[in-house]
Amino acid sequence: MEEARVFADRSLPMGEETLWTRKFPLSLLKEVASRGWFGVVIPEKYGGLNSGVTGASIVTEELGRVCSAISEAYAVSMFGGVEQILTFGTEEQKRTWLPKIAKGQAVGAVCITEPFAGSDAAGIETTARKEGDTYIVNGKKRFITNAGLADLYVVYARSSEKKEDKAKYQHLTAFLVEKGTPGFSVEKINELSGWTGLPNGTLDFDEMKVPASNCIGGEGTGWKVMMAGLNFERVVYSAGMLGPMREAIRNAVAYSQRRLQFDRPTIDLPTNQAKLAEMFSGLYNCRLLVYHAAHLLDEHEDAMVEASTAKMLVSDTYERLISDAIQVMGGDGWTRFYPVEAYLRDAKVNQIGAGTNQIMKLVIFRGALKAMNKDLKMLRRKMHTELRVPVSTTEPETKRVITQENVLKILAEDYVVNPGLYMTREDMKERLSEPDELKLSETLQALEAEGLVKLYRGGKGAMDLAKATYVGLRKALPLEKYRWFPEWLSKESIF
Ligand SMILES: Cc1cc2nc3c(=O)[nH]c(=O)nc-3n(C[C@H](O)[C@H](O)[C@H](O)COP(=O)(O)OP(=O)(O)OC[C@H]3O[C@@H](n4cnc5c(N)ncnc54)[C@H](O)[C@@H]3O)c2cc1C
């Protein structure tokens, strides 16, 4: 979006002023609103620009060049309402809120974190109890970006104390809460290390009455609403980091072209060139991650892994890149007379906000394991008849009926090619002619009782892994079947 780039170019001085005045740049926010950019993901029929997550990422990247106060206020505003209403809202909620948001008349905030619940978002303690057509909300939220500035707050509260609801993640509900709702107040505004000028603080809900019609997605669906919103949030949040990366590179290049040491510009020093090369490649890499994830979301694909990967890698790259930019600029880079040091103070929060990078690793591990399930299946291995070494095979397996002798043999043959591994039930079933789970369990238990097999029982007593014991191996096959020596080995050393 060329318009966003030109706007950012023109607004850069005001962004730098914010770093000194520490005042939120309200006039910039109003201009962003007047250009309709708050409606960038909102369909045209609700007064938006319909440019999707990709459009939102482009605007946020450009605003990020100006200052974090404006880019975060803008991005967080969308996290607090747009995605949740678009995906889970009723037609009436869409018609009521989306046109206002699109015009910038309803700046948003997202309220998940609490004093006693951070990474463990399912453990929030703010409660919502239904009384007629109203929910009574009690509790607190902290670290809320746009606290006080926002008109519309997406608040997640605990609507059920039933154990079974908690177990199914059906104990939370999402609400749209308007500024001015009785019982709703700002308790505290934080002094942050970075994000200069951006209001962030604690909110208090004291018997706050929220109309049931402001519930998003229905009672008990809060977790689903939260998770869907977080993918959008992580992508757009990452896009916001691309802007300062570009500005840091601009500052480092411009500075080192003009700074002379040892009779030459410092940009000619190979160490500085290597740092700049890493900065450029870091930026290009991060761009690919962000816009790939944005594209997937626009295609309505599940982008949980991609969004979390973007948030984790972009924030880590951001921190390194800004630190390198300061290094290229030497002492000047660390003064407040250039904006780069402010980006470094912002770097840390990017590794914490929208879920810490440690939580991103948990999400990526679990999500990718599921998403790549088919590609992660272990290939069956066998001894190559000519090479006489273990290799993967796709040849059909000779199937055997379930008997103690056959099961033990299967485990022993697996020992030959995977000497340190247990077999899964699936591995064993591939080699059996009967898919009879019960018979297999009974056979394995009988072998275990005889000391021929060792079983590893996973959760809830299920038998997940099995191996032949040394006694079992000896009983299944003669030693000759296990022996293997490299050709170069002198025969004298074998006994
Ligand atoms: C400037 C700023 C703006 C924010 N804006 C918002 C906002 O607008 N709305 C909102 O709802 N929240 C917001 N947050 C809150 C943010 O999402 C949380 O700070 C974040 O989720 C971490 O929670 P916590 O700070 O309580 O840390 P904790 O959850 O207490 O974590 C402390 C440390 O333990 C680690 N940890 C915790 N659990 C695990 C685990 N299971 N495995 C491995 N490591 C773990 C964490 O990674 C972290 O390093 C904001 C935070 C900041 C600082």
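All ligand and atom numbering here is 1-based and tracks the order in the structure.
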(Q) Classify the ring geometry of Phe205 against Phe184: parallel below 30°, tilted from 30° to 60°, perpendicular beyond 60°. (A) tilted
Q | Which segment of Ile359 sits under 4.0 Å of ligand 1 when only heavy atoms are counted | A | side chain
Q. Is atom 32 (C) of ligand 1 in close reach of the protein, with a heavy atom under 4.0 Å away?
A. no
Q) Between CD1 of Ile70 and CD of Glu62, what distance do you get to the nearest 0.5 Å? A) 13.5 Å
Q | Per-residue contact class, Asn357 against ligand 1 - non-hydrogen pairs under 4.0 Å | A | neither
Q | Closest protein heavy atom (residue, atom, distance) for atom 12 (N) of ligand 1 | A | Thr113 OG1, 2.7 Å
Q) Is a side-chain N or O of Lys166 found less than 3.5 angstrom from the main chain of Gly123, in a donor-acceptor match? A) no
Q | Side-chain donor/acceptor of Glu16 to backbone N/O of Pro13, under 3.5 Å | A | no
Q) Can you tell me how far the OG1 atom of Thr335 sits from the CE atom of Met329, to the nearest 0.5 Å? A) 7.5 Å
Q: Just jot down the ligand 1 atoms closer than 4.0 angstrom to any heavy atom of Val349, in number order.
A: 1 (C), 2 (C), 52 (C), 53 (C)
Q. What is the closest protein heavy atom to atom 37 (C) of ligand 1, and at what distance does it sit?
A. Ser119 OG, 3.5 Å
Q | For ligand 1, the portion of Phe79 having any non-hydrogen atom under 4.0 Å away | A | neither
Q: Output yes when a protein non-hydrogen atom is found under 4.0 Å of atom 14 (N) of ligand 1, and no otherwise.
A: yes
Q: Look only at the side chain of Arg158 and the backbone of Ile124, and say whether a donor-acceptor pair between them is shorter than 3.5 Å.
A: yes
Q) For ligand 1, is any non-hydrogen atom under 4.0 Å from Asn190's backbone (N, CA, C, O), its side chain (CB onward), both, or neither? A) neither
Q. Which residue supplies the protein heavy atom nearest to atom 2 (C) of ligand 1, what is that atom called, and how far is it?
A. Asn200 ND2, 3.6 Å
Q) What protein heavy atom sits nearest atom 22 (C) of ligand 1, and how far away is it? A) Thr356 CG2, 3.6 Å
**Q.** ligand 1 to Thr145 polar contact by distance, N or O atoms, under 3.5 Å
**A.** yes
(Q) Looking at Arg320, is its backbone amide N or carbonyl O close enough to the side chain of Ser323 to form a donor-acceptor pair, meaning the two atoms are under 3.5 Å apart? (A) no
Q) Distance below 4.0 Å between atom 19 (O) of ligand 1 and any protein heavy atom? A) yes
Q: Between Ile112 and ligand 1, find which residue part has any heavy-atom pair under 4.0 Å and reply side chain, backbone, both or neither.
A: both
Q) For atom 35 (C) of ligand 1, is the nearest protein heavy atom under 4.0 Å away? A) no
Q) Who's the nearest protein heavy-atom neighbour of atom 6 (C) of ligand 1, and how far? A) Phe143 O, 2.8 Å
Q) In the protein, which heavy atom is nearest to atom 26 (O) of ligand 1, and how far is it? A) Gly118 CA, 3.2 Å
Q: Look at the side chain of Ser256 and the backbone N and O of Val253, then say whether any donor-acceptor pair between them is shorter than 3.5 Å.
A: yes
(Q) So if I count the atoms of ligand 1 from 1 in the order they appear, which ones are less than 4.0 Å from some heavy atom of Ile352? (A) 19 (O), 20 (C)
Q | Spacing of CG belonging to Leu362 relative to OG belonging to Ser119, to within rounding of 0.5 Å | A | 9.0 Å
Q: Among all protein heavy atoms, pick the one closest to atom 49 (O) of ligand 1 and tell me residue, atom and distance.
A: Gln358 OE1, 3.5 Å
(Q) Are the side chains of Met428 and Asp414 in contact, using a 4.5 Å heavy-atom criterion? (A) no
Q. What is the ring orientation for Phe337 with Trp20, classed by angle as parallel under 30°, tilted 30 to 60°, or perpendicular over 60°?
A. parallel
Q: Report the distance from atom CD1 of Ile144 to atom CD1 of Ile112, rounding to the nearest 0.5 Å.
A: 8.0 Å
Q) How close does the nearest protein non-hydrogen atom get to atom 9 (N) of ligand 1, and which residue and atom is it? A) Val110 O, 2.8 Å
